[in-house]
Structures are given as structure tokens and as C-alpha cells.
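Taking it in order: structure first as C-alpha cells, then the write-up.
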Amino acid sequence: MQTDVLIIGSGIAGLSTGIKLALLRPDLKIDVLTKVNERESNTSYAQGGVAAVWDHGADNYEKHIADTLDAGAGLCDEHIVRIVVEEGPVRVEEIIEWGTRFDTDQFKKYDLGREGGHSENRILHYKDLTGWEIQRALSAKAATLDNLVVHEHFFALDLLTQHHLGYIVTKLTPDVTCYGCYVLNRKTGEIDKILAKNTVLAAGGNGQIYRSTTNPVIATGDGIAMAYRAKVHLENMEFVQFHPTALYNPGLDPQAFLVSEAVRGEGAILKRPDGTEFMHDYDPRGSLAPRDIVARAIDNEMKMAGLEYMCLDCTHIDEEHFLKHFPTIHEKCMSIGINPKKDLIPVCPACHYMCGGVKVDEYGKSSVSRLFACGECTSTGLHGANRLASNSLLEALVFGHRIAHSIAANIDNAEVRGDIPNWNRTATAKPDEQVLITQSTKELKEVMSSYVGIVRSNKRLERARKRLELLTEETEDLYKTSLVSTQLCELRNLITIGYLVTKAANLRHESRGLHYTTDYPEKADFVQYSIL
């Protein structure tokens, strides 16, 4: 198969890039891959909303920029922050034109919410299903474009570079170029070769490296792992954001249910199970402090009390107001016997978002020629050491637009490389024991949760490294002798991500943003970037 532009991922990053490019260049053939169905993505599970300066009477760009820089703990690229904040509102207007709905008040003005770290109300939302609504609108818009096709149940295996032509490729090799990728057709089991003039990685997050995560089961780090194998430069992998308030429901949900930060924005208060408030002991902003501060505070309170959860008090919020804004959260709580109007909601931190990833410039270009990246698999410079709530959807829209314009202006100079060999399928045996894959996945999650979680130390990281080395060795042996399967490749990718997070955490000898280590509890006097 040959195409002009191959996009790996069908969430907000992949679809917004594809739609914009299809509109700019109707003559181009654009193919989007998703390993499940089109609407199953991290985007669909984003509850809170999109942060954008909307009410210029009360808010302005400088306030949004300052909030983002403050949350990022000194590692944000101010130039990128200004680009995203200032270009963001226009990009949001575009998805509204494409059919996205946001909640309005009785005066038909947008009902702007507020979340931790924001100094003003600037979050556009659709109930507590904002990501689902954006995904719906983008999928519908994509379906109207003849030159854009979404292929479901195609799993991307490896990016194609000079390595597949027999050359030795390292991170120092000049002019490494991406020519497309190998993909597994999950319906037929066949491995295809897709050749492209330009490739866009928009493969989403990595949350499944942890035992408790708000990410869907598909978030297995495929994009970053492929990029790493292709010698693409990565950055800041140690900064894993744990959402402070996932619903505590141990062992019953494969994906932790997110109690949106917007609930605290509407007045909910974090408390101990005995009803006493604690967040003002950690930060003057109380329950609306940035996520890294809140997550560490909850983690500390749990450890001091020997408990597995803290609580969110919503009992003082008007019941009709709560139902209107958070119907999904209300329904979920009621389904497990918790009435938010009467009961404290048990919550605990869960892995939520990766702030590091493929290092890209202001046009989404990676260190490898003809390879772009967008969305959670990237490190753009916007989030720094900690993502400000609801900035990620905005980032995807802004960079999707910039990537589309960059490709549209330069793709005519690129050609499809036709001499890439087909996949070398030497192994013919299916894994005779599936338990080898499932058990290794469990081990990885336990290792990462126990040793590379919210609080880290040199001893914990060293133990994690040793365990990960053994898991890597075992999985590579299995990979070399087995037929390729989605489950085996996802395990391989997850172990790669776990290794990268652990290695980056080892390199950072300070505590900053989402990375807190008991061996180096203070910020360093200088700013460093962990390039992998």
C-alpha cells in the first residue's frame, strides 16, 4: 500500500491533523490507522474539557500563559506555550464549526469551568463527556472527506527507516528518514507494508504501564516505543502525571474511573475519611492546587494513615447542578452505592498522562526526516514538568493544524521509497502459553507502580531497572520465536516505555514537577532536559 500521508492514531491529534490536511490539499491521499475502532482513543475518555481564553473581559492570554508556566515547574518552552495559548481559541472555533458542542448557560454563553492551576474560568466542556463529544464530531467530519480514509484494526509495528535497507542507524546518524511503517492487519493476521511520503505519529498515551490508570486498555505506548526503536529523539519521559482523583473501586474496574478535576472546580473539597480537610496543609490553593501537588498530598495522607484512599466531598454542591454538569460521574458513583449528595466519594491517584515523549519542534517535526508527531506521544515544550489541566486537547488541535500546514507546503518534494523489503516472517509458532504474556504484563505494572510511581528513590529505581532488564530479555526471546500478535507487541512496547521512564527518572537528580525523589527532594538550581 502506498499513500501520501500516513497517520498512526485516530484520536483528536490524528483526526484533527488529517481533517485539516484533507481540507488544505484535496489532491492528497491520507490514510489513518487505528488498532481498534475509530472512536476508541484516549480522547474519548477526557472528561474535563478544553482550556482556552474565551471571556476576554475576565481572562487574557498572559494569565493562561502564566498558569501554564507555573504548572510546568520551569521546564516549559515559553515560545511554545505562547503559540498554543494564542492560537488555541481559533482552533477550538474550528471544531465548533465542525459540529462539536460545548455547554452554555441560560444566556447562551459558553459555561466556562475552572480546574486546578487555572486562575480564571476558561474550560469549555460538554457535561463530563468532552472528549467523547470531540471524538464524535471529528469522526463525523472525517467521514465527509473523500481523500481521508480511516482503517480500523490495523496495529502499527515498526517505523520504516534506512535500518530496513541494511544500514546501521543510531541516534547520531545524519538524515535518518521515515518511509512509512509495517502494520499488522488484526482481522487477517497478515503483516503489510505501508509506504508514505510523510508519516504522523499520533498514537496516544502509555498509561497501561501502571496497575491503576485512567487510560483505556489500548494505551500501551506503541507510538513512543516505535519511535525509540527508530532512533527518534525522546525527551522528559520521567514526567508521568497521576490524576489525583480516580474513583477508588479496587479490583473491579480494568480502567480506573476518572472523577474529573472540574468537580473540584465546582467546589468539591478533598478530605480525609474522617471528614477533615487537608489540602491547605500542602498548598494555599487548597483542593485547586496543580495536579502534581494534589497527587503527592493524597499519596502522603494515604501512607501516613495506612489507607488506600482519601475522599472528595461534593455534598454541599447543589444536586441539580451536579447532575447537569457531571451526569456520568453521578451515574458511576450511584452504581457502586455512593450518593454524591450524601456520601464522601473515595478517590486515589491513578496514572493519567505522559508529559514527555517524541521531541518535536513548533511544527511537530521530529528528529527523523518526514516523521511528525502530535498529541500525548510528544514532548512539545508546552507541559514541561507537569501538564496544566485541560491543556492537552488544545495542544493537539494547535499542533495538528501546524503539522497539516507544514506537510501541505512541503510534501511535493517527497517521494515514496519503493525498495523497502517486506516483513521478514521467520518465526512461525504461536506462543504456546498465553500466560507468559499476561503474567509479564502484570509483573511490569507491579514493578512500575511500586518503584516508579508518585514518589521515587534511587533504591526503588535500581530495583525497577533490574526487574525490567529481566522482563525485556524474556519478552525479546518470546518475540523472536513467535508469530507476531497484538498482545505480544503491546507487552514489548509497555516494557520499553517502563524502561524509558525509569531511565529518565534515574537521570534527574532533583525533584521537579511530577518527578519527586526522596534522595533529591529539592529543585536543582539549573534546568536540565532528559534526552533519550
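Numbers for residues simply follow the sequence, beginning at 1.
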Starting from the C-alpha separation in whole Å, work towards a yes-or-no answer on side chain to side chain donor-acceptor pair (under 3.5 Å) for Arg370 and Asn410. CA-CA 10 Å; Arg370 291 165 51 177; Asn410 298 292; over 6 Å; no

Heavy-atom donor-acceptor pair, [X] side chain to [Y] backbone, under 3.5 Å:
{"X": "Asp222", "Y": "Cys489", "answer": "no"}
{"X": "Glu376", "Y": "Met354", "answer": "yes"}
{"X": "His515", "Y": "Arg508", "answer": "yes"}
{"X": "Arg186", "Y": "Lys35", "answer": "yes"}
{"X": "Gln162", "Y": "Asp175", "answer": "yes"}
{"X": "Ser482", "Y": "Tyr479", "answer": "no"}
{"X": "Thr177", "Y": "Ser369", "answer": "no"}
{"X": "Glu133", "Y": "Arg101", "answer": "yes"}
{"X": "Asn185", "Y": "Asp192", "answer": "no"}

Any side-chain donor paired with an acceptor under 3.5 Å for [X] and [Y]?
{"X": "Thr441", "Y": "Thr438", "value": "no"}
{"X": "Gln255", "Y": "Thr214", "value": "no"}
{"X": "Gln208", "Y": "Thr220", "value": "no"}
{"X": "Ser450", "Y": "Arg460", "value": "no"}

Compare every heavy atom of [Y] with every heavy atom of [X], then report the nearest pair and how far apart it is.
{"X": "Ser16", "Y": "Gly400", "answer": "OG-CA, 4.2 Å"}
{"X": "Ala373", "Y": "Ile403", "answer": "O-CD1, 3.4 Å"}
{"X": "Val358", "Y": "Ala227", "answer": "CG2-CB, 3.7 Å"}
{"X": "Ser366", "Y": "Val232", "answer": "CB-CG1, 3.9 Å"}
{"X": "Gly381", "Y": "Val81", "answer": "O-CG2, 4.2 Å"}
{"X": "Pro349", "Y": "Phe242", "answer": "CB-CB, 4.4 Å"}

[atom1] ([X]) with more than 12 external heavy atoms under 6.0 Å:
{"X": "Lys193", "atom1": "NZ", "answer": "yes"}
{"X": "Asp419", "atom1": "CG", "answer": "yes"}
{"X": "Glu462", "atom1": "CD", "answer": "yes"}

Do His164 and Tyr179 have ring centres separated by under 6.0 Å?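 No - the distance between ring centres of His164 and Tyr179 does not fall below the 6.0 Å cut-off.
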
Any salt bridge between Glu443 and Arg467, counting N to O under 4.0 Å?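 Judged by the 4.0 Å cut-off on N to carboxylate O distance, Glu443 and Arg467 do not form a salt bridge.
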
Can you classify the ring geometry of His383 versus Tyr353 as parallel (below 30°), tilted (30 to 60°) or perpendicular (above 60°)?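 Because their plane-to-plane angle is over 60°, the rings of His383 and Tyr353 count as perpendicular.
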
Could you tell me how the ring of His401 sits relative to the ring of His405: parallel (under 30°), tilted (30 to 60°) or perpendicular (over 60°)?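 Tilted: the ring planes of His401 and His405 meet at 30° to 60°.
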
Would you please name every residue forming a salt bridge (Lys or Arg N to Asp or Glu O under 4.0 Å) with Lys445, sequence neighbours left out?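 With sequence neighbours excluded, Lys445 shows a salt bridge (Lys or Arg N to Asp or Glu O under 4.0 Å) to no residue whatsoever.
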
